[in-house]
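Encoded as structure tokens, the structure appears first; notes follow it.
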Amino acid sequence: MSNLLLIIMCIPVFGAIILSLMKNSDNTRTFANIALLFSAAAFAGTVAMALSFIPANGFQQVFNYNWIPGLGVTFYGGIDGISLLLLLLTNLLTPIIIYSSVGNQIKNARAFYALILFMQFALMGVFVSLDGFLFYIFWELALIPIWFICLLWGGKDSTRITLKFFIYTLTGSLFMLVGFIYLYLQTPGTHSFSWDALHNLPLTDKQQTFVFWMMFLSFGIKMPVWPLHTWQPDTYTDAPTQGTMLLSGIMLKMGIYGVIRWMLPTVPMAFTQWGTTVMVLAIIGIVYASCMALVQKDYKRLIAYSSIAHVGLIAAGIFTLNNQGVEGAVIQMFAHGINVVGLFMIVDILQKRFHTSNITELGGIANSQSLFSILFVIIMLGTVALPLTNGFVGEFLLLSGVFQYSAVMTAFAGLTVILGAVYMLRSYQTIMLGGPTSATHNFAPLRLQEKVILIFISFIVIVTGLFPGWMINMVEPSVNSMLGR
Amino acid sequence: MYVVNKNFVPQINMNHLSQTISFSQSGIGMACIAIILTPLLGFLINGLFNKKLSTSLVGIIACAAIIIPFVLSCYLFTAIPEEGITVHLFDWINVGNLHLDMSFLVDHLSLVMLLVITGVGSLIHIYSVGYMHHDEDYPRYMSYLNLFVFFMLLLVLGSNYVVMFAGWEGVGLCSYFLIGFWFKNNEYNNAAKKAFVMNRIGDLGFLLGLFLLFQKFGSLSYHEIFGAAPAVLNGNATVTAICFLLFVGAMGKSAQIPLYTWLPDAMAGPTPVSALIHAATMVTAGIYMIVRSNILFQLAPSASEFIAIIGTLTALFAATIGLKQTDIKKVLAYSTVSQLGYMFAALGVGAYDSGMFHVVTHAFFKALLFLCAGSVIHAMSGAQDIRSMGGLKKYLPITHLTFLIGVLAISGVPGFAGFFSKDEILSKVYASGHFVLFILLAITSVLTAVYMFRLYWLTFHGKFRGTHDQQHHLHESPTSMTFPLMVLAVLSIVGGYMGMPEWLSEHHLFSSFLHPVTGSAPHIHASHTFEMVVLAVSIIALVLIAYTTYTQYVTKHVVPEDDNQLKGVPKLLTNKYYIDELYENAITKPLNSISAFMYNFVEKYIIDGAVNGTGWLTTNSGVLLKQLQTGNVGFYVFAMVIGICLMLLKLLF
């Protein structure tokens with residue numbers, strides 16, 4: 001197998017297999033280290049692949065094998081700039097997420113880490129599949145490990161909440177499957193699910209509209225777009241930190257990615273027709289979720305709503321169908337993944353020490369923790385899109401893109417600039433500032449791994465904010481090709 | 001009242017556009033980059049290694065990080081050609097046809113700002129060493145100051161609007177850090193947050209303005225926009241929209257109505273911060289931005305008119321509040337808001353050079369006044385209420401003398417810096433045909449003198465009204481603090497002479513220095529007789545004001561009464577027209593309660609209710625349908641018969 005991409009995808013699977021062959025024991029650290037090793041190896045491989053990647057050359061590292069010839073289903077995948085950036089994000093975040101759990105007391109750690117590695121594999125599969133059926137398989141495959149992680153390692157209400165999450169997203173996926181099968185039936189001759197066949201179909205307006213809504217339901221639930229979002233805050237709050245990080249950092253990008261890869265090229269007319277409708281929903285979502293974030297006491301839930309607001313802007317950007325909007329969306333996916341994992345890391349640090357994520361029970365931590373407060377501030381600034389941080393590049397491009405579509409919409413979407421500052425600064429103040437409290441004195445100093453992760457994330461926040469050029473160069477040709485230019 | 005020449009098109013000489021060089025290409029390029037990066041380096045050293053550095057080393061590093069840029073700025077001052085030079089550092093964001101470079105424009109306008117920021121900034125850094133070195137968080141404070149300078153330099157040196165915006169947001173951030181520097185106090189934290197959020201409201205307007213600019217020009221660099229503006233925008237309503245939106249940004253940053261309420265609260269920060277950020281530099285960013293974009297504003301007469309009106313109203317409004325404040329820093333804060341209003345009034349009538357001139361002189365005397373206030377507060381062991389001061393003249397001789405110079409300068413006493421710049425604005429507002437605005441600004445000028453003399457007499461003359469302990473501690477500040485005072489006092493006198501009125505000198509040094517940037521604006525010519533009359537009237541008014549306030553506060557020992565004994569207009573003024581309460585009740589509270597309602601009702605019951613309802617419906621319809629599958633053959637036959645009957649009926653009709 002000479003395909004580097006396939007090798008990279010296999011690395012975490014090997015890791016998962018090795019973990020499951022090992023004898024189960026209480027030695028969580030060994031399992032964590034093995035998982036860390038394999039996920040990091042996948043990252044190293046992805047970096048190597050990125051170095052040889054030529055943005056202008058379309059899909060690269062392509063593999064294409066017959067799978068179910070009778071149905072025209074192939075094992076077909078490859079990467080363009082968008083896929084590659086998301087692979088980098090997935091394989092950068094997974095080791096961080098695993099590392100964040102090192103030292104935790106995790107029951108049945110062997111299974112926990114095996115599931116994370118399996119998740120890494122499935123997510124990569126989603127981002128590289130070029131066959132609709134294969135994409136669907138990976139899409140559902142990714143749901144299984146995260147469902148187990150949330151269910152088995154989640155909070156006290158996990159059964160009810162994960163069931164809702166599972167049914168909600170699974171229902172959505174079925175609509176997508178209907179959409180894919182419909183497209184498949186329109187392909188000429190021996191039908192095919194391949195991206196090449198699907199994105200060139202001569203569909204009528206009505207057909208496009210049908211496929212558009214079928215797929216959007218599925219992707220919209222995953223992102224989530226208002227008003228399909230109510231599974232998310234509960235799930236984020238209840239899931240174990242690593243599960244929340246996987247969900248918010250990587251998994252929600254599946255929905256956005258799906259829109260760009262599978263909807264935009266296949267049903268372009270419906271995009272023009274329904275773009276405004278979706279953008280209105282997305283922008284309502286921005287304002288609505290920001291207002292929700294204003295009144296949250298639980299920091300996890302606050303971040304969940306802030307995430308919905310950010311994703312709303314990303315969704316709106318895609319539907320502008322202009323360069324800045326769509327490229328901004330792709331860049332912001334990367335930035336959002338980094339920042340949200342940083343924020344959940346902070347929640348984890350707080351929760352480990354105080355067993356609560358209720359911000360009103362905290363306060364005054366900056367009095368004893370100057371390093372922690374600096375790193376917290378940097379990650380927060382990335383989230384509120386201060387210039388020279390990673391959040392700004394994406395947000396500026398997105399808002400500028402939306403502006404070219406509609407100035408009025410931008411005025412509403414831009415409220416995120418103000419409201420984001422309000423809820424982030426307000427919660428920061430409640431948690432960190434003010435006079436010394438019991439939280440100040442009981443804050444055990446940051447552990448090495450916590451320091452390393454926060455410093456590393458802060459570093460990425462600033463470096464990718466100052467030098468976003470490599471990302472833009474990587475994705476620009478691919479975005480142009482998705483836009484049919 | 002103001003005749004606008006609708007067909008007026010600014011004349012731009014395309015040959016005058018600056019040359020672009022790479023940063024490593026020449027001494028100028030390297031100096032420019034060093035100016036920006038030195039404060040950043042100072043921030044990083046003091047921020048990262050503060051535990052390993054001694055207190056004195058922290059001070060030396062922080063001061064060096066701004067004095068070096070000052071020296072380099074002086075070098076640039078001598079080396080920059082009239083049309084300016086653009087220094088390219090690296091490509092920042094390139095998407096499609098959007099090209100944003102990290103590059104810097106050094107021309108006469110940015111040089112003026114550079115010299116003010118690094119010059120006044122250096123003095124304030126030196127002062128800070130004396131003022132803050134006892135603070136347990138002294139290194140953090142000094143590093144924030146350096147970071148602020150870095151962003152401020154980015155703001156004035158950026159060669160496109162987005163780099164300016166980066167600096168613009170960055171200075172807002174540092175202002176947030178420094179207002180809330182003593183973060184143990186939640187009132188200070190609230191003030192910091194308020195400043196940041198109000199600035200962000202303005203920033204949204206600014207951003208929208210940038211998007212509109214980009215839509216029209218396909219670029220955000222000054223070069224391309226100003227070159228093409230007359231052709232692209234002349235007679236076009238878009239330019240008005242652009243200028244309005246940009247001005248919304250300026251309203252936030254430069255504290256104009258309705259976004260001014262954060263600035264008085266910002267006095268929660270250490271006093272040198274108030275001098276540097278909230279008087280001399282950051283708050284003038286809005287003025288800088290408009291002068292930078294003067295080509296656009298010249299094309300938008302109605303937006304300019306709006307700016308002149310808002311500026312004048314802010315100047316008057318803030319001055320009336322200043323009359324009744326009893327906190328020494330609050331008086332100065334409202335005076336800053338008022339003086340900024342003056343500057344905007346100048347910009348609004350097209351007197352861009354006069355506006356900038358006032359930025360410079362104001363930086364001198366307002367920084368001086370704030371630093372003097374700091375020296376007073378230092379001596380009073382932290383007390384800021386002027387009702388507990390009085391008679392400080394004999395304890396703080398240097399502070400007293402320099403403060404007096406500041407008061408004379410801001411009141412516009414002939415010969416002092418404020419006189420030149422303020423009278424220039426007044427006469428240009430009049431000459432441009434804005435008679436009402438002129439009257440309002442003249443009244444403001446009177447009020448300014450009133451509250452400044454009131455402040456002066458109450459603080460430095462009469463009997464000391466504080467506690468015995470406080471009196472015991474009264475002392476003049478150390479040299480590191482008095483030295484900057486003396487330098488600024490000298491500047492508050494001589495600073496005005498670079499812009500002498502026409503009847504005194506044919507050559508307006510400041511105006512001709514700015515000519516390459518603002519030269520396309522029509523020259524507003526004020527009549528000499530009129531200026532003489534204004535001069536005479538103002539001398540008489542000032543003497544009267546000084547005399548009446550002296551009898552009031554020194555001879556008769558009148559002390560402002562307790563806040564809760566006030567009635568009527570004084571009560572209204574002391575409470576700042578209840579604007580904060582208005583915002584609180586009209587915006588903040590409704591936003592929070594609507595959000596809470598949405599969360600507790602719409603989110604939980606309607607949206608999530610619909611989702612759960614769908615689930616419930618699915619489950620229960622399954623239960624219902626289950627009833628049909630009974631396995632009872634009789635029921636199936638019955639159903640079949642009914643079905644056949646229905647079909648027959650349908651066939652019949």
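Numbered from 1 within each chain, the chains take letters A, B, ... in sequence-line order.
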Inset, instruction - Using non-hydrogen atoms and a 4.5 Å limit, figure out which bit of B/Leu212 sits close to chain A: side chain, backbone, both or neither. - result: both
Inset, instruction - Measure the spacing between CE of A/Met432 and CG of B/Asn189 and express it to the nearest 0.5 Å. - result: 11.5 Å
Legend entry - Proximal component of B/Lys51, with respect to chain A [non-hydrogen, under 4.5 Å]: side chain
Inset, instruction - Determine the minimum heavy-atom distance between B/Arg200 and A/Ala385, stating which atoms define it. - result: NH2-O, 3.8 Å
Inset, instruction - Could you give me the CA-CA distance, side-chain angles and deciding distance for B/Phe151 and A/Leu388, then say whether side chain to side chain contact (heavy atoms under 4.5 Å, CB included) is met? - result: CA-CA 11 Å; B/Phe151 279 120; A/Leu388 310 187; 3.8 Å; yes
Inset, instruction - First locate atom OG1 of B/Thr618, then atom CD1 of A/Ile167, and finally report the distance between them rounded to the nearest 0.5 Å. - result: 8.5 Å
Inset, instruction - Give the member of A/Gly434, A/Pro436, A/Gly363 that has the highest number of heavy-atom pairs under 4.5 Å with chain B. - result: A/Gly434
Legend entry - Segment of B/Leu207 engaging chain A (4.5 angstrom heavy-atom cut-off): side chain
Legend entry - Max heavy-atom pair count under 4.5 Å with chain B, selected residue of A/Leu399, A/Asp234, A/Leu294, A/Asn473: A/Leu399
Legend entry - Top of A/Tyr168, A/Trp231, A/Phe396 for chain B proximity - count of heavy-atom pairs under 4.5 angstrom: A/Phe396
Legend entry - Winner by heavy-atom pair count (cut-off under 4.5 Å) against chain B, out of A/Thr410, A/Val393, A/Leu466, A/Val422: A/Leu466
Inset, instruction - Give a yes or no on this: more than 12 heavy atoms of other residues, nucleotides or ligands lie within 6.0 Å of atom NZ of A/Lys297. - result: no
Legend entry - Enclosure of B/Phe244 CZ (heavy-atom neighbours >12, cutoff 6.0 Å): yes
Inset, instruction - Answer whether the closest heavy-atom distance between the side chains of A/Leu397 and B/Leu98 falls below 4.5 Å. - result: yes
Inset, instruction - Kindly compute the distance separating CD (B/Glu603) from NE2 (A/His229), expressed to the nearest 0.5 Å. - result: 3.5 Å
Legend entry - Side chain, backbone, both or neither of A/Ala411 within contact of chain B (heavy atoms, under 4.5 Å): both
Inset, instruction - Please state whether the side chain, the backbone, both or neither of A/Ile472 comes within less than 4.5 Å of a heavy atom of chain B. - result: side chain
Legend entry - Engaged part of B/Val611 at the chain A interface, taking heavy atoms whose separation is under 4.5 Å: side chain
Inset, instruction - Answer with side chain, backbone, both or neither: which region of B/Phe165 has an atom nearer than 4.5 Å to a non-hydrogen atom of chain A? - result: both
Legend entry - CZ-CD distance between B/Phe214 and A/Gln324, expressed to the nearest 0.5 angstrom: 4.5 Å
Legend entry - Side chain to side chain, A/Asn367 and B/Phe183, heavy atoms closer than 4.5 Å: yes
Inset, instruction - Sort A/Glu327 into side chain, backbone, both or neither according to what part of it lies under 4.5 angstrom from a heavy atom of chain B. - result: side chain
Inset, instruction - Dump the intermediate steps for side chain to side chain contact (heavy atoms under 4.5 Å, CB included) on A/Leu419 and B/Leu591, then the final yes or no. - result: CA-CA 10 Å; A/Leu419 296 173; B/Leu591 180 66; 3.9 Å; yes
Legend entry - Pick from B/Arg140, B/Met198, B/Glu187, B/Met598 with the largest number of heavy-atom pairs that fall under 4.5 Å of chain A: B/Met598
Inset, instruction - Could you note down all residue pairs passing ring-ring contact (aromatic ring centres under 6.0 Å, His included) where residues 589-614 of chain B supplies at least one of them, sequence neighbours left out? - result: B/Phe597-B/Phe601
Legend entry - chain B contact via A/Val384 - which portion, at a heavy-atom distance below 4.5 Å: both
Legend entry - Reported CD-to-CG distance for the pair B/Glu169 and A/Leu386, which is rounded to 0.5 angstrom: 5.5 Å
Legend entry - Under 4.5 Å from any heavy atom of chain B - which part of A/Leu228: neither
Legend entry - Greater than 12 external heavy atoms within 6.0 Å of B/Trp616's CH2: no
Inset, instruction - Heavy atoms only: give me the nearest A/Val295-B/Ser595 pair and the separation to one decimal. - result: CG1-CB, 3.7 Å
Inset, instruction - Go through the atoms of A/Glu476 and report whether side chain, backbone, both or neither lie under 4.5 Å from a heavy atom of chain B. - result: side chain
Legend entry - Side chain B/Trp92, main chain A/Pro468, donor-acceptor under 3.5 Å: no
Inset, instruction - Please tell me if the side chains of A/Cys291 and B/Ile594 come closer than 4.5 Å, counting only heavy atoms from C-beta onward. - result: no
Inset, instruction - Answer yes or no: is there a side-chain heavy-atom contact under 4.5 Å between B/Ile607 and A/Tyr288? - result: yes
Legend entry - Which atoms of A/Ser370 approach chain B - backbone, side chain, both or neither, heavy atom under 4.5 Å: side chain
Inset, instruction - Specify which of B/Asp91, B/Leu173, B/Asn185 makes the most heavy-atom pairs with chain A at under 4.5 Å. - result: B/Leu173
Inset, instruction - Side chain from CB out, backbone as N, CA, C, O: work out which of these in A/Ile331 comes under 4.5 Å of a heavy atom of chain B, or both, or neither. - result: neither
Legend entry - Contacting moiety of B/Phe177, where chain A heavy atoms sit under 4.5 Å: side chain
Legend entry - Region of B/Val162 in contact with chain A, defined by heavy-atom distances below 4.5 Å: side chain
Legend entry - CG on B/Asn97 to CG on A/Asn323, rounded to 0.5 Å: 7.5 Å
Inset, instruction - Give a yes or no on this: more than 12 heavy atoms of other residues, nucleotides or ligands lie within 6.0 Å of atom NZ of A/Lys164. - result: yes
Legend entry - Under 4.5 Å from any heavy atom of chain A - which part of B/Leu220: side chain
Legend entry - Near-ring test A/Phe467/B/Phe90, centroid separation under 6.0 angstrom: yes
Inset, instruction - Would you mind checking which part of A/Ala289 comes under 4.5 Å of any heavy atom in chain B, side chain (CB onward), backbone (N, CA, C, O), both or neither? - result: neither
Inset, instruction - Please tell me if the side chains of B/Asn190 and A/Arg426 come closer than 4.5 Å, counting only heavy atoms from C-beta onward. - result: no
